[in-house]
2 protein chains.
Amino acid sequence: MNQRSFEEVHFVEECGLMFELMGLPRMAGRIFGWLLICNPPHQSTGDLAEVLQASKGSISTITRMLIQTGLIERVALPSQRRDYFRIRLNAWPQMTKQHLMQVTAFRQLAEKGLMLLEGENPQLLQRLEEMRDMHAFMEQELPLMIDRWEQQRSSPKIGTIADLTPVNQTPPASVPMIG
Amino acid sequence: MNQRSFEEVHFVEECGLMFELMGLPRMAGRIFGWLLICNPPHQSTGDLAEVLQASKGSISTITRMLIQTGLIERVALPSQRRDYFRIRLNAWPQMTKQHLMQVTAFRQLAEKGLMLLEGENPQLLQRLEEMRDMHAFMEQELPLMIDRWEQQRSSPKIGTIADLTPVNQTPPASVPMIG
DNA sequence: CAATAGGTTCAATATCTATTGAACATTCGC
DNA sequence: GCGAATGTTCAATAGATATTGAACCTATTG
């Protein structure tokens, strides 16, 4: 009876593939994909294991990763023992913030490279200077872009998703940000 | 004699790890990393195989991938049989364009999801609407950002890198862009 | 407090992907 | 056109990573 429709399975698999493209485990994409379309929008470990036909261990490991990266959160239902997971509000800006960290890492790498070539013919430096400058530029621009997004979305709508209490042991994915 | 210094090896390896983080083969990062710091800035398949201690096959496969994604290009030296590779000018905006394709794919996926939930309780749609809207927003913003970058870098400097002729069989990484 | 459901951990395994290397193709000089 | 140098392809392998599943905690309920 709890059969997922063909379209639902397909959606979940496609999401898995997209996550794989981004270098994340396919199962992370499956979990995220299911949480995008499930009803109710919060699901327990057991639910996920059943629907996605995966082991509880797998679900446990990967939900932890998804929480850590800020894409989902753990919520508690009033009178239930189980934990539930759901998509985190602002999951996507969060991804951009992750991306921003990569950008910073690349800028720093370029700077290391430039130190290696110190004193060399300026022509040789061009490659690394472009890399450094482009990433420094993005370090400026991306936060502004996120700001514009959060502003444009005038009504923050926080709280409308549901009345569930996010479990507070889940910090807002304390992401080490650039200095 | 052609020993790479410890720092150079380290730089190359770090670049490899960063590429791996992005879901690309580590060896792609190594090749790219070496092309960032090598002197001269163009290197043949053989050079790369020797310096990176990898098989020619590996180099061949991965340079093809890097060309395909627009990060490096193949150049011909006037009186030499060999092909050489070098970092492509504008390699990094190119990466952002690749990223843009992913963004589009995510928006489309969100739209598929919304079709699945057609007629459902609006609360259930929120997750997917946020996903769609955020990605549509980035589809607007990222090209503008690239424009700003290309403008800010007032002197295009094209041609100053070297007088080598890019091999024309290498199209500018014909990237299928969004409609 | 015992029983049980829910969740986590971790060693073992299955699966996948990068990498090799040898055979093959191509180009260019002589 | 022949031979040497260079580059490519692809089946086999090595290596890495995701996934499982059984043992182990922990919390709740009666």
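Naming convention: chains lettered A, B, ... in sequence-line order (proteins, then strands); numbering from 1 in each chain.
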Nearest whole angstrom, please: distance from the [atom2] of [N] to the [atom1] of [X].
{"X": "B:Arg64", "N": "C:dT19", "atom1": "CZ", "atom2": "P", "value": "14 Å"}
{"X": "A:Tyr84", "N": "C:dA5", "atom1": "OH", "atom2": "C1'", "value": "12 Å"}
{"X": "B:Phe19", "N": "C:dA18", "atom1": "CZ", "atom2": "P", "value": "14 Å"}
{"X": "B:Arg82", "N": "D:dA4", "atom1": "CZ", "atom2": "P", "value": "18 Å"}
{"X": "B:Leu66", "N": "C:dA18", "atom1": "CG", "atom2": "C1'", "value": "14 Å"}
{"X": "A:Asp83", "N": "D:dT28", "atom1": "CG", "atom2": "C1'", "value": "13 Å"}
{"X": "A:Gln43", "N": "C:dG7", "atom1": "CD", "atom2": "P", "value": "12 Å"}

Listed by chain and number, what are the salt bridge (charged side-chain N to carboxylate O under 4.0 Å, His left out) partners of A:Asp133, not counting sequence neighbours?
->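 A:Asp133 satisfies salt bridge (charged side-chain N to carboxylate O under 4.0 Å, His left out) with B:Arg153 only.
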Taking atom types as modelled, is there a side-chain donor on A:Gln94 or A:Thr69 under 3.5 Å from an acceptor on the other?
->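 On atom types as modelled, these side chains do not qualify, holding no pair under 3.5 Å.
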Counting just side-chain N and O atoms, does A:Arg74 come under 4.0 Å of either OP1 or OP2 of C:dT8?
-> yes
Take nucleotides 13-27 of chain D nucleotide by nucleotide from the 5' end and write B, S or -, depending on whether a protein heavy atom sits under 4.0 Å from the base, only from the sugar-phosphate, or from neither.
-> -----SSBB-----B
Quick one: side-chain contact (heavy atoms from CB on, under 4.5 Å) partners of [X], sequence neighbours excluded?
{"X": "A:His10", "answer": "A:Glu14"}
{"X": "B:Pro93", "answer": "A:Glu130, A:Met134, B:Asn90, B:Ile146, B:Trp149, B:Glu150"}
{"X": "B:Leu17", "answer": "B:Glu20, B:Arg26"}

For residues 30-40 of chain B, which side-chain N or O atoms pair as donor and acceptor with protein atoms under 3.5 Å away, sequence neighbours left out?
residue: B:Arg30; atom: NE; partner: B:Glu13; partner atom: OE1; Å: 3.2
residue: B:Arg30; atom: NE; partner: B:Glu13; partner atom: OE2; Å: 2.7
residue: B:Trp34; atom: NE1; partner: B:Gln43; partner atom: OE1; Å: 2.9

